[in-house]
Amino acid sequence: MKDFDYAAPTSVQDATTLLAEYGERARMLAGGTDIIVQLREGLRDAEMVIDIKKISELMALEYSAEAGLTLGAGVPCYQVYENAEISAAYPALADSTRIIGGWQIQARASVGGNLCNSSPAADTIPSLISLGASCRIAGPQGEREVAVSDFCTAPGRNVLETGELLVSIQLPPSTAHSGSAYERFIPRNEMDIAVVGAGSWVQLDESGSTIQEARISLAAVGPTPIVAQQAAESLAGQEASEENLAAAGGLAREAASPIDDMRGTTEYRVHLVGVLVKRTLARAVARARGES
C-alpha cells in the first residue's frame, strides 16, 4: 500500500474543503471495508484519505413514522437491522444490511459507503431504489438531492462531482399495507458477492388483495443497478396472485443485461432474475399483509 495522508474532519464544510483541495487524489472512508482493500491491492490511489466518522451529520440515524428515515452516510449496517422500528418500516433495507459480510464487517460498513462504492452487485442499492430513497449531497456549491435510482453511472462510478460528498440518505415514510424485501443468490457462503440480487416494494389496497403500486430493482445484471420499470408497472391494479408475481418476474428478466463471469453465465443470471423477483414480491406482499 502506498503512503497517504489522513484527516478526520468534524464538519461537512471541512470535509468538502479537503475534497475540493485534493480532487481525484482524495478518497472517503466511511467504514473502510471497501476502500482499504482497494488501496492495499492497488485498485485505487489516494494522497488523502478523509474519515467521515467524526462528522455528526454523517453519523445521524433519525426515524419517525411521519418524516421517514434519515440515514447518515457513515451509519454502520448493524444499527439499521438491529432497530426494530426501522426494520419493520423498511424490511428490504434490513434484509440487505443483515447479509453484508459478517458481523465484524456490519459493525463498520455503512449503507452510504456501499452506495458510494457503486458496485453493480451492491446489496443495499436495490433495496434503497425499491423503497424510493434519495441522496442528500453537499459540495462547494451547496447541497443537492438525487434519487438513488439515478446515483450510479457506471461500475464504481456515480454522480458525485469534485468536492462533493454524500451526507445522508432519505427514505420516505412507510405507508399502511405496504411491504418490501431483498434477496440475493450467491454460489457459496465464501463468496459474498451477489450473482443476482432483487429488491421489491409493493403497496396493496386496504383489502390486501390488489397491488396498487410496485417498485423492483436488480443487482449484478448490468453495469449499474437496474430499475425494472415495466415489470413493476405491470402489477398496478392487478391481484397479488402467484401467477401475476411470476409474470412480473418474467418481465424483469427482459430488463437484465448481465455478463458471463466467474460467478455465473448470462443465461443463468437471467433465469435467477425471474426467480428472485417473484420471491421478493411474494415476501413483500406477505409483509404488507402483516404475515410473518
Side chains of [Y] and [X]: any donor to acceptor distance under 3.5 Å?
{"X": "Ser119", "Y": "Asn117", "result": "no"}
{"X": "Thr175", "Y": "Gln203", "result": "yes"}
{"X": "Glu145", "Y": "Ser134", "result": "yes"}
{"X": "Asn114", "Y": "Thr124", "result": "yes"}
{"X": "Asp260", "Y": "Thr265", "result": "no"}

Treating [X] as the side-chain partner and [Y] as the backbone partner, does any N or O pair qualify as donor plus acceptor under 3.5 Å?
{"X": "Ser87", "Y": "Ala94", "value": "no"}
{"X": "Ser178", "Y": "Ser174", "value": "no"}
{"X": "Asp14", "Y": "Leu18", "value": "no"}
{"X": "Lys278", "Y": "Ala248", "value": "no"}
{"X": "Arg269", "Y": "Ile259", "value": "yes"}

Heavy-atom count around [X] [atom1] within 6.0 Å, excluding the residue itself: above 12?
{"X": "Glu85", "atom1": "CD", "answer": "no"}
{"X": "Glu206", "atom1": "CD", "answer": "no"}
{"X": "Arg157", "atom1": "CZ", "answer": "no"}
{"X": "Glu291", "atom1": "CD", "answer": "yes"}
{"X": "Glu143", "atom1": "CD", "answer": "yes"}
{"X": "Arg279", "atom1": "CZ", "answer": "no"}
{"X": "Lys53", "atom1": "NZ", "answer": "yes"}

Quiz item: Are Leu61 and Ile86 close enough that some pair of their side-chain heavy atoms sits under 4.5 Å apart?
Solution: yes
NZ/NE/NH1/NH2 to OD/OE distance under 4.0 Å, [X] and [Y]:
{"X": "Asp51", "Y": "Arg27", "value": "no"}
{"X": "Glu213", "Y": "Arg215", "value": "yes"}
{"X": "Glu57", "Y": "Arg136", "value": "yes"}
{"X": "Asp95", "Y": "Arg287", "value": "yes"}

Decide whether [X] and [Y] are clustered together by the hydrophobic rule: side chain heavy atoms of Ile, Leu, Val, Met, Phe, Trp, Tyr closer than 4.5 Å, transitively.
{"X": "Tyr182", "Y": "Leu115", "result": "no"}
{"X": "Tyr268", "Y": "Val273", "result": "yes"}
{"X": "Val111", "Y": "Trp201", "result": "yes"}
{"X": "Leu171", "Y": "Val227", "result": "yes"}
{"X": "Val270", "Y": "Ile186", "result": "no"}

Self-check item: Pair Phe151-Leu160, side chain to side chain contact (heavy atoms under 4.5 Å, CB included): steps then yes or no
Solution: CA-CA 8 Å; Phe151 187 82; Leu160 292 176; 3.9 Å; yes
Exercise. Give the C-alpha distance, both sets of side-chain angles, the deciding distance and a yes or no for side chain to side chain contact (heavy atoms under 4.5 Å, CB included) between Val159 and Ile137.
Key: CA-CA 10 Å; Val159 299; Ile137 297 169; 4.2 Å; yes
Quiz item: To the nearest 0.5 Å, what is the distance between CD1 (Ile125) and CG (Leu218)?
Solution: 12.5 Å
Quiz prompt | side chain to side chain contact (heavy atoms under 4.5 Å, CB included) evaluation trace for Ser200 with Leu281 | solution = CA-CA 6 Å; Ser200 298; Leu281 284 170; 3.7 Å; yes
Quiz item: Pick from Leu245, Ile216, Val196: which one makes a side-chain contact (heavy atoms from CB on, under 4.5 Å) with Val277?
Solution: Ile216
Self-check item: Residue pair Leu19 / Glu164: nearest heavy atoms and the distance that separates them
Solution: CD1-O, 3.4 Å
